S.K.: 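So that we are looking at the same thing, I have put the structure below in structure tokens.
Treat the numbers as computed from the prediction; the structure is a model and nothing was measured.
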Amino acid sequence: PRRDKGGPVMPRRPGESTRDPMVRLKIQLPRLAAHVVARPRLMQALHSVQPARVLLLLAPAGYGKTVLMAQWAGLLQAQGACACWVTLDAGARDPGRFLRGLAAAMRHAGIDMAPDDATPAHPDQMLEAVLQALAAHPRPVTLLLDGYHHVAGAASDAFFHQVIALLPDHLGLIVSARQRPAAAAQALLGGANPVEIGGEMLRFTTAEAQAFLGGTADPDMVGRLAGWPVALHLARTALLQGQPPDSLPDRLLHSGGTL
């Protein structure tokens, strides 16, 4: 337990230490499969929109949002830039829990942030400590929040976009979600001039799909999979298992024959 200045003793909830394996898992970049295809087209698109304060990756499940974000974060880190990763889940609807995860991600990325046991327990004080640490960091920071759809809702939208409005100018934010933020959240985001990358851009081009499938896939089959990343992943697995390629699209496509 610990005592906030001027307040009561605030015991930390079990499992919320940054030493907890689940916390560490949520602030580390996802491991990418060995056969992930480099997609210079999307890397260039992300590079071109870097001046934007907020970037939204919006697409249904299976479109490769997490993979693209992880590739971009890995590139930033390889270039010596500061990238903070947080995988969101339903628990992050609690402001205190989200801020503890964000503080852990900042420490993990090398930002000078107070130790976990010295972080204030009240969300308002915690947010102030996070903002001060970000403002004091000498280099640009990219914060990547993966899976905003897990926390979306009126209360969460209001809190998250209040946070966005307070973030320092040298911080860029990339958020992935399955749906566009609600109308209230969009209004709050308006001042940040967000840029969107949607499912159509995330689809594999024919050349990308051929490279992913080994360069020998039937063009008709590739066309019928319509560049949907998860379908291409399943197709690659099936091809590696020796399944007849002609029958793959019919088993992978939704009922009705199209994606």
S.K.: The criterion is ring-ring contact (aromatic ring centres under 6.0 Å, His included); which residues satisfy it with F212, sequence neighbours excluded?
M.R.: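 Checked F212 against ring-ring contact (aromatic ring centres under 6.0 Å, His included); matches are H35, F204.
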S.K.: Side chains of Q79 and L75, heavy atoms from C-beta outward: is any pair under 4.5 Å?
M.R.: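 Yes; the side chains approach each other to less than 4.5 Å.
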S.K.: Under the salt bridge (charged side-chain N to carboxylate O under 4.0 Å, His left out) rule, collect the residues that match up with R39, sequence neighbours excluded.
M.R.: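 Here the qualifying residues are E208.
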S.K.: Under the ring-ring contact (aromatic ring centres under 6.0 Å, His included) rule, what pairs show up with a residue in residues 81-102, not counting sequence neighbours?
M.R.: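 Non-adjacent pairs meeting ring-ring contact (aromatic ring centres under 6.0 Å, His included): F98-F160.
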S.K.: Quick one: does L99's side chain get under 4.5 Å of F159's, heavy atoms only?
M.R.: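 Yes, at least one pair of side-chain atoms sits under 4.5 Å.
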S.K.: Are any of the side-chain heavy atoms of T87 and T66 separated by less than 4.5 Å?
M.R.: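 No. Closest side-chain heavy atoms not under 4.5 Å.
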S.K.: How would you list, by chain and number, every residue that makes a salt bridge (charged side-chain N to carboxylate O under 4.0 Å, His left out) with D89, sequence neighbours excluded?
M.R.: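 D89: salt bridge (charged side-chain N to carboxylate O under 4.0 Å, His left out) contacts with K26.
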S.K.: Taking the side chain as every heavy atom from C-beta outward, state whether L68 and L46 have any pair of such atoms under 4.5 Å apart.
M.R.: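 Result yes, sub-4.5 Å side-chain heavy-atom pair found.
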S.K.: Could you pull out the closest heavy-atom pair between C84 and A105, with the gap in Å?
M.R.: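 Shortest heavy-atom separation between C84 and A105 comes out as SG-O, 4.0 Å.
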S.K.: If you round to the nearest 0.5 Å, how far is CZ of R53 from NE2 of H170?
M.R.: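 That separation rounds to 10.5 Å.
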S.K.: If I take atom CG from residue L102 and atom CZ from residue R107, how far apart are they, to the nearest 0.5 angstrom?
M.R.: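 Answer rounded to 0.5 Å: 9.5 Å.
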S.K.: A quick test of your reading: do over 12 heavy atoms of other residues, nucleotides or ligands sit less than 6.0 Å from CE of M201?
M.R.: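 No, not enclosed.
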S.K.: Would you compute the distance between atom CD of Q77 and atom CG of L29 and round it to the nearest 0.5 angstrom?
M.R.: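 Reported value, rounded in 0.5 Å steps: 4.5 Å.
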S.K.: When you compare the side chain of C82 with that of I111, does any pair of heavy atoms fall below 4.5 Å?
M.R.: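 I111 vs C82: side chains touch.
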S.K.: Locate the shortest heavy-atom distance separating A70 from P30; write the atom from each residue and the value.
M.R.: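 That closest heavy-atom pairing would be CB-CD, 4.1 Å.
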S.K.: Please name the pair of heavy atoms, one in A59 and one in K65, separated by the smallest distance, quoted to 0.1 Å.
M.R.: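 Here A59 and K65 meet closest at O-NZ, 3.0 Å.
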S.K.: Please round to the nearest 0.5 Å and tell me the distance separating atom CD of Q210 and atom CG of L232.
M.R.: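 One gets 10.0 Å once the value is rounded to the nearest 0.5 Å.
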S.K.: Can you tell me which residue among L58, L55, L56 is in a side chain to side chain contact (heavy atoms under 4.5 Å, CB included) with I197?
M.R.: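 Exactly one candidate clears the test, L55.
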S.K.: Mind listing the closest non-hydrogen atom pair of A177 and Y148 along with its distance?
M.R.: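 A177 and Y148 have their closest heavy atoms at CB-CB, 4.0 Å.
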S.K.: Are any of the side-chain heavy atoms of D94 and R100 separated by less than 4.5 Å?
M.R.: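 Yes. Closest side-chain heavy atoms under 4.5 Å.
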S.K.: Using atom types as modelled, flag every donor-acceptor pair under 3.5 Å from a side chain in residues 131-144 to any protein atom, sequence neighbours excluded.
M.R.:
residue	atom	partner	partner atom	Å
Q132	NE2	E128	OE2	3.3
R139	NH1	G80	O	2.2

S.K.: Specify the closest pair of heavy atoms between A104 and I27, including all atoms of both residues, with the distance to one decimal.
M.R.: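 Answer, listing the atom of A104 first, then I27: O-CD1, 3.5 Å.
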S.K.: Out of curiosity, M126 CE to D124 CG, how far, rounded to the nearest 0.5 Å?
M.R.: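 It comes to 9.5 Å.
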S.K.: Please give me the minimum heavy-atom distance between V86 and G101, naming the atom from each residue.
M.R.: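 Heavy atoms only, the tightest pair is CG2-O, 4.3 Å.
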S.K.: If you look only at pairs with a residue in residues 68-88, which of them pass as a salt bridge (charged side-chain N to carboxylate O under 4.0 Å, His left out), with sequence neighbours excluded?
M.R.: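 Passing the test, one end in residues 68-88: no pairs.
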S.K.: How long is the straight-line distance from CG of L88 back to CG of D146, given to the nearest 0.5 Å?
M.R.: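 That separation rounds to 7.5 Å.
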